[in-house]
Amino acid sequence: MDAREMKIKAAAAALAHVEHGMRLGIGTGSTAEEFVRLLAEKVADGFKVEGVPTSERTARLCVELGVPLKSLDELPELDLTIDGADEVDAALALIKGGGGALLREKIVAAASGRMIVIADESKLVDTLGAFALPIEVNMFGLVSTRIAIEKTAARLGLSGELTLRQSGDGNFTTDGGHYIIDASFGRIPDAEALSTQLNAIPGVVEHGLFLNMAALAIIAGPAGARELRATR
Ligand SMILES: O=C[C@H](O)[C@H](O)[C@H](O)COP(=O)(O)O
């Protein structure tokens with residue numbers, strides 16, 4: 001089974017948690033897109049949901065496939081969000097933002113009664129941090145913010161390359177009009193402390209550590225999909 005087939009397995013298992021009439025947060029990325037494709041087939045058969053997309057990219061796919069959408073302001077409280085992740089640990093702490101959608105993803109997940117993460121087993125880790133942590137930053141004061149991130153990380157014993165994310169024609173810009181710094185800290189032993197301290201930097205808009213947000217992870221491997229619940 002290749003990676004795409006595993007993503008489809010995880011997405012299909014997550015679909016079983018979606019009930020008729022739900023207000024649904026819809027994630028971003030290649031795994032979330034498999035979920036959208038399966039959801040669209042159900043919607044075409046008469047299944048009713050109202051979706052709130054976590055990115056313009058997801059919104060475009062939903063519109064193309066006929067999944068009904070609302071804005072978060074129209075549906076400010078959601079029943080469930082289904083989204084992918086770049087890393088998942090046993091406590092269901094996540095790194096997200098590889099696709100640059102972390103800010104809207106976090107806002108939508110926080111507005112949801114429940115969050116289910118879908119991923120192939122390559123995303124499972126013992127400790128977060130092999131995947132560079134995406135940090136969304138305001139364009140204003142970029143250099144100062146970068147220095148503040150370095151100093152904050154150093155106080156926690158973390159160091160590593162901070163890379164301003166690029167796209168084809170220059171700096172990558174998020175849906176919210178911000179930049180992303182990808183921080184290659186390596187293993188992050190205290191994600192809570194890093195999260196709190198990054199949030200205290202004024203130029204940091206949000207970061208990709210999603211802690212205590214996911215209720216369930218559906219992880220697919222060659223043998224099929226299995227459910228993981230948080231261990232703490
Ligand atoms: O910003 C993007 C999101 O956090 C994605 O959910 C994450 O990067 C995982 O994407 P994929 O399913 O493509 O690996």
Side-chain angles (χ1 to χ4, degrees), residues 1-15 24-39 51-62 72 78 80-89 92-112 114-125 128-137 163-167 171-184 188 191 195 198 204-211 213-221 225 228:
M1 193 183 293
D2 67 19
R4 172 150 191 239
E5 288 169 323
M6 288 192 259
K7 290 173 190 185
I8 294 170
K9 281 256 183 272
L15 196 56
L24 191 65
I26 305 179
T28 296
S30 56
T31 318
E33 285 176 7
E34 298 302 349
F35 172 77
V36 172
R37 289 191 186 94
L38 296 174
L39 179 65
V52 171
T54 54
S55 63
E56 298 301 325
R57 170 178 157 185
T58 294
R60 280 193 294 274
L61 184 65
C62 289
L72 191 57
L78 305 174
L80 173 66
T81 283
I82 305 221
D83 202 348
D86 300 299
E87 284 189 345
V88 183
D89 78 6
L92 305 195
L94 315 173
I95 287 182
K96 288 183 52 56
L102 64 113
L103 176 60
R104 290 190 186 183
E105 288 176 333
K106 201 177 271 192
I107 293 171
V108 168
S112 302
R114 244 173 123 216
M115 178 190 193
I116 296 179
V117 178
I118 50 176
D120 64 84
E121 63 183 11
S122 71
K123 307 291 184 64
L124 259 187
V125 297
L128 299 178
F131 189 91
L133 177 66
I135 304 173
E136 185 157 348
V137 296
T163 307
L164 186 61
R165 191 179 296 184
Q166 303 295 300
S167 66
N171 296 337
F172 176 89
T173 305
T174 67
D175 285 343
H178 308 122
Y179 290 151
I180 288 192
I181 290 175
D182 290 301
S184 300
I188 302 170
S195 169
L198 286 175
V204 169
V205 178
E206 196 43 86
H207 57 71
L209 289 168
F210 283 51
L211 309 178
M213 295 194 93
L216 180 71
I218 299 177
I219 306 292
L228 290 184

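Just so you know, ligand 1 is whichever comes first in the structure, and atom 1 is the first atom listed for that ligand. Just so you know, these numbers come straight off a predicted model, no measurement behind them.
Salt bridge Lys106/Glu206: present, at least one basic N to carboxylate O contact under 4.0 Å.
Inter-residue side-chain proximity for Glu87 and Phe131 is flagged as met; some heavy-atom pair is nearer than 4.5 Å. Counting heavy atoms from C-beta on, the side chains of Met213 and Leu94 never come closer than 4.5 Å.
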I'd like a table of the close N/O pairs between ligand 1 and the protein (anything under 3.5 Å), one pair per line with both atom names and the distance.
from, atom 1, to, atom 2, distance (Å)
ligand 1, 1 (O), Gly99, N, 3.0
ligand 1, 1 (O), Gly100, N, 3.0
ligand 1, 1 (O), Ala101, N, 2.9
ligand 1, 4 (O), Lys96, NZ, 2.9
ligand 1, 4 (O), Gly97, N, 2.8
ligand 1, 4 (O), Glu105, OE1, 2.7
ligand 1, 4 (O), Glu105, OE2, 3.2
ligand 1, 6 (O), Thr28, O, 2.7
ligand 1, 6 (O), Asp83, OD1, 3.4
ligand 1, 6 (O), Lys96, NZ, 2.9
ligand 1, 8 (O), Asp86, OD1, 2.7
ligand 1, 8 (O), Asp86, OD2, 3.0
ligand 1, 8 (O), Gly98, N, 3.3
ligand 1, 8 (O), Gly99, N, 3.4
ligand 1, 12 (O), Ser30, OG, 3.4
ligand 1, 12 (O), Thr31, N, 3.0
ligand 1, 12 (O), Thr31, OG1, 2.6
ligand 1, 13 (O), Ser30, N, 2.8
ligand 1, 13 (O), Ser30, OG, 2.5
ligand 1, 14 (O), Lys123, NZ, 2.6

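Nearest heavy-atom pair across Arg165 and Gly100 is NH1-N, 3.3 Å.
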Using the rule given for side chain to side chain contact (heavy atoms under 4.5 Å, CB included), can you reason through Val117 versus Leu92, listing the C-alpha separation, both sets of side-chain angles and the distance that settles it, and then say yes or no? CA-CA 9 Å; Val117 178; Leu92 305 195; over 6 Å; no
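Heavy-atom neighbours of Lys123 NZ from other residues, nucleotides or ligands within 6.0 Å: above the threshold of 12.
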